[in-house]
Amino acid sequence: LAFDDALFKIIPENMRNRGRIVLDALLSPIKDILSRQKFLDDPLSDLQIELLCQVLSSMDTDKDPKAARVGEREARIASPYISKLTAGFNHGVGRSGQLTGAQPKAVGATIMQQVTNHVALDAIRALGLPNVKHGLVTPLSTGMTIGLVFAALRRELGINQVLYPRIDHRSPHRGIALAGLTEIAVPTVLEEDAVRADLGELEHLMENRDNFAVLSTTTFFPPRESDPVKAIAKLCQEQSVPLVINNAYGVQSEEIMKKISSAIDAGRVDAIIQSGDKNFLAPVGSSVVVTPEKVTTDWIAESYAGRATAAPLVQTLAALLALGHKHYSRLQNLQKENRVYLETTLNSLASEIGQRLLSVDNPIACAITMDGLDVREIGGKLYNERVTGPRAIELGELGSCIDNYPHSYLVMNAAIGAKQHDISNATTKLNKVIHAYSGSA
Ligand SMILES: Cc1ncc(COP(=O)(O)O)c(C=O)c1O
């Protein structure tokens, strides 16, 4: 990234110095990222991120004008646009059977991957888990990453069952099944409006059982509340049982991150999985796995079958660099404000229409009862009104993480990255749909 002095000799010295200042301002954050590999406070511009990717991907052998390429896989690309889709990292990352292995044909991608892993780990540490020491960005979304982590625990520790406090969501079930493990559902309990993991049942199911792990969840839709991860981590430590935490979109919540951090201090936590897209505003396709012990990260990297696409990794790196810690903190504050705003708005709508908010501890989402209404139809109408993301659950239907939940309800999220106008538009449209519905009923 240094400019040859010869170039500067053709201009007067005072201009030369001025030019260097401007160039340094552009390049020094890029040098900083490469040398320290940290989640920087300040964001990089798109130009800086693009330059970083250009420089690194230009080191891969498919860019070597004199290379004689006789392998069966030489990152031959059908058109330049296709290369843009991976930011030029056409060779992918890793080696056969080692996701983090250095790839001789892809020097730049190897550096990019390492920088991505370090920046992502640093971000998770800075955002509330200082006690995790190792990290890996997988080119897989959350459910598949759960599968990868359990495949590692199966291979290395002989785990063949997973005790899983009930979450009504398919991806984690599929992940467990993909790893060839048997899922044992741990029931939940209804305590007023809230659905919670039944800790007593978990303890009971752990007795006289061998070769199992526990999968615990921090973020889900109300009425389900976060699992008590600290208590579960203590149980796991007492009985030497591996614990995996699905922290799908919990990084945005300081409260959830604190709970996980104290679980790590108080008990046994083997790996924590977070979605790249839900937490860091990257496109769908990556997860960040962090672990207190290095060996766990190595096992996970070694369980990936083959080389991998670089695209989800570079996208996650770009998102982390484009955000920076300061802006992420601003977004977290907005998220908290939006969550309060969502609750206030839904509360007044609820009292207007004779419903109520479910009283559930959930830092991201709120649920409003829809008793006596056709909540599915209301959900469909909201979709037609161009509202995306509400979750409509009918009385007794799967989704509440318990059988026979006593309400129909609609969930809305105030997740990181949402704008206040998303929430005001969505709640205004909900108001409109419900009034039209009551008018026609
Ligand atoms: C708790 C939980 N786990 C897993 C997922 C699935 O994530 P993915 O689609 O990234 O596999 C979600 C949401 O979609 C979720 O809420």
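Counting starts at 1 for both ligands and their atoms, following the listed order. When reading the values below, keep in mind they use all heavy atoms of this one structure, side chains included, and skip hydrogens, waters and symmetry mates.
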Derivation of the salt bridge (Lys or Arg N to Asp or Glu O under 4.0 Å) call for Glu74 and Lys105: CA-CA 8 Å; Glu74 289 286 0; Lys105 287 182 190 168; 3.6 Å; yes
Worked verdict on Val314 versus Cys53 for side-chain contact (heavy atoms from CB on, under 4.5 Å): CA-CA 8 Å; Val314 70; Cys53 291; 3.6 Å; yes
Table of N or O contacts for ligand 1, cutoff 3.5 Å:
| residue | atom | partner | partner atom | Å |
| --- | --- | --- | --- | --- |
| ligand 1 | 3 (N) | Asn246 | ND2 | 2.8 |
| ligand 1 | 7 (O) | Thr142 | OG1 | 3.3 |
| ligand 1 | 10 (O) | Thr142 | N | 2.9 |
| ligand 1 | 10 (O) | Thr142 | OG1 | 2.8 |
| ligand 1 | 11 (O) | Thr142 | N | 3.3 |
| ligand 1 | 11 (O) | Gly143 | N | 2.7 |
| ligand 1 | 14 (O) | His169 | NE2 | 3.0 |
| ligand 1 | 14 (O) | Lys278 | NZ | 2.9 |

Pairing of Lys381 and Asp374 as salt bridge, 4.0 angstrom limit: no
SB check Glu238 Lys234 (cutoff 4.0 Å): no
Contact check, side chains of Gln335 and Leu331, non-hydrogen atoms, under 4.5 Å: no
If you look only at distance, which donor and acceptor atoms sit under 3.5 Å apart when one is on a side chain in residues 175-182 and the other is two or more places apart or in another chain?
none

